[in-house]
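Have a look at the structure below, then the notes.
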Amino acid sequence: MSSFFDRVYEVVCRVPPGRVTTYGDVSRVLTGTARSARSVGWALHGLPPDRVDEVPWWRVINSKGRVSTSCQEHSASEQQARLMDEGVEFGLDDRVDLDRFGWDGE
DNA sequence: CTTCTGACTGGGA
DNA sequence: GTCCCAGCCAGAA
């Protein structure tokens, strides 16, 4: 309980639809610094199948406003499509405007 | 215990 | 604007 992974999932669950957050932001909420952003990404990478339907991993992107998934099962195209379906606008460069859709933690 | 990897970030070219 | 390099954290072998 209260493992780093579980916390990541919890924070991601708090992200409302139509909004996106960055790994560094989540890391900051958990550890207070954006240094563990890598662990956050790894946590989502090891996201259990039973949490996939519960945790909106697709709402988590990098600070560049782009999708960083290396997971072929969860390709960037799919993540992009999911965000678009929620109302998130993607630029012609497949980039998201964090200034508008960036979730600052409510 | 040590070692490595990874869905990141920031700064420099 | 984009691309490349080095640094940090957490977990698994």
Side-chain angles (χ1 to χ4, degrees):
Chain A
M1 359 104 31
S2 307
S3 300
F4 194 84
F5 278 42
D6 293 333
R7 288 211 170 191
V8 173
Y9 305 147
E10 192 176 339
V11 174
V12 175
C13 279
R14 290 180 200 172
V15 181
R19 294 287 166 102
V20 295
T21 186
T22 63
Y23 300 94
D25 204 15
V26 176
S27 164
R28 201 166 218 184
V29 176
L30 299 175
T31 62
T33 65
R35 306 291 163 134
S36 53
R38 248 176 170 195
S39 303
V40 176
W42 191 32
L44 290 175
H45 178 57
L47 185 68
D50 56 307
R51 301 274 193 214
V52 166
D53 296 331
E54 181 182 351
V55 181
W57 54 267
W58 53 85
R59 291 180 195 152
V60 185
I61 57 180
N62 60 11
S63 66
K64 306 268 198 309
R66 273 210 223 138
V67 186
S68 309
T69 58
S70 288
C71 253
Q72 299 186 3
E73 308 211 4
H74 304 128
S75 56
S77 307
E78 182 161 337
Q79 182 169 4
Q80 224 174 47
R82 284 179 181 272
L83 290 173
M84 282 171 125
D85 188 56
E86 300 206 330
V88 178
E89 295 181 23
F90 273 82
L92 298 177
D93 298 350
D94 298 330
R95 220 188 313 179
V96 182
D97 189 352
L98 293 173
D99 190 42
R100 294 204 300 173
F101 302 101
W103 181 61
D104 49 2
E106 184 185 15

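A note on names: the letters A, B, ... follow the listed sequences, proteins ahead of strands, and every chain is numbered from 1.
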Rounded to the nearest Å, what distance is computed from the [atom1] atom of residue [X] to the [atom2] atom of nucleotide [N]?
X	N	atom1	atom2	value
A/Leu98	B/dC8	CG	C1'	14 Å
A/Phe5	C/dC9	CZ	P	16 Å
A/Arg35	B/dC8	CZ	P	16 Å
A/Asp97	C/dG1	CG	P	11 Å
A/Asn62	B/dA7	CG	C1'	9 Å
A/His45	C/dA10	NE2	P	19 Å
A/Trp42	C/dC8	CH2	P	19 Å
A/Asp93	C/dG1	CG	C1'	9 Å

Query - Quiz item: A/Arg38 side-chain donor-acceptor pair to C/dG11 base, under 3.5 Å - result: no
Query raised in the report: Does a distance-only test, which skips hydrogens and angles, find a donor-acceptor pair under 3.5 Å between the side chain of A/Ser36 and the base of C/dC9?
Result: no
Requested in this report: Give A/Arg95 one of three labels, base, sugar-phosphate or nothing, depending on what nucleic acid heavy atoms sit under 4.0 Å from its own.
Outcome: sugar-phosphate
Requested in this report: Using a heavy-atom cut-off of under 4.0 Å over every strand shown, decide if A/Phe4 touches base, sugar-phosphate, or nothing.
Outcome: sugar-phosphate
Query raised in the report: Under the 3.5 angstrom rule, does the side chain of A/Glu54 hit a backbone N or O of A/Cys13 as a donor-acceptor pair?
Result: no
Report task. Measure the shortest side-chain to side-chain distance between A/His45 and A/Trp57 over non-hydrogen atoms and say whether it is less than 4.5 angstrom. Result -> no
**Report entry** Phosphate OP1/OP2 of B/dG10 contacted by A/Ser63 side-chain N/O (<4.0 Å)
**Finding:** yes
Requested in this report: Using only side-chain N and O atoms of A/Arg66, determine if any of them is under 4.0 Å from OP1 or OP2 of B/dA7.
Outcome: no
Query - Out of B/dA7, C/dT2, B/dC8, whichever nucleotide has its closest atom nearest the side chain of A/Leu44 - result: B/dA7
**Report entry** Residue closer to the 5' end of DNA chain B, A/Lys64 versus A/Thr69 (nearest nucleotide)
**Finding:** A/Thr69
Query - Partner nucleotide, any strand, of C/dA10 [Watson-Crick/G-U, under 3.5 Å] - result: B/dT5
Requested in this report: Could you tell me which non-hydrogen atom of A/Trp103 sits nearest to which non-hydrogen atom of A/Val11, and how far apart they are?
Outcome: CZ3-O, 4.1 Å
Report task. Grab the two heavy atoms, one from A/Ser68 and one from A/Asn62, that are nearest each other, plus how far apart they are. Result -> OG-ND2, 2.8 Å
Requested in this report: Give a yes or no on whether a salt bridge exists between A/Glu10 and A/Arg7, defined as a side-chain N under 4.0 angstrom from a carboxylate O.
Outcome: no
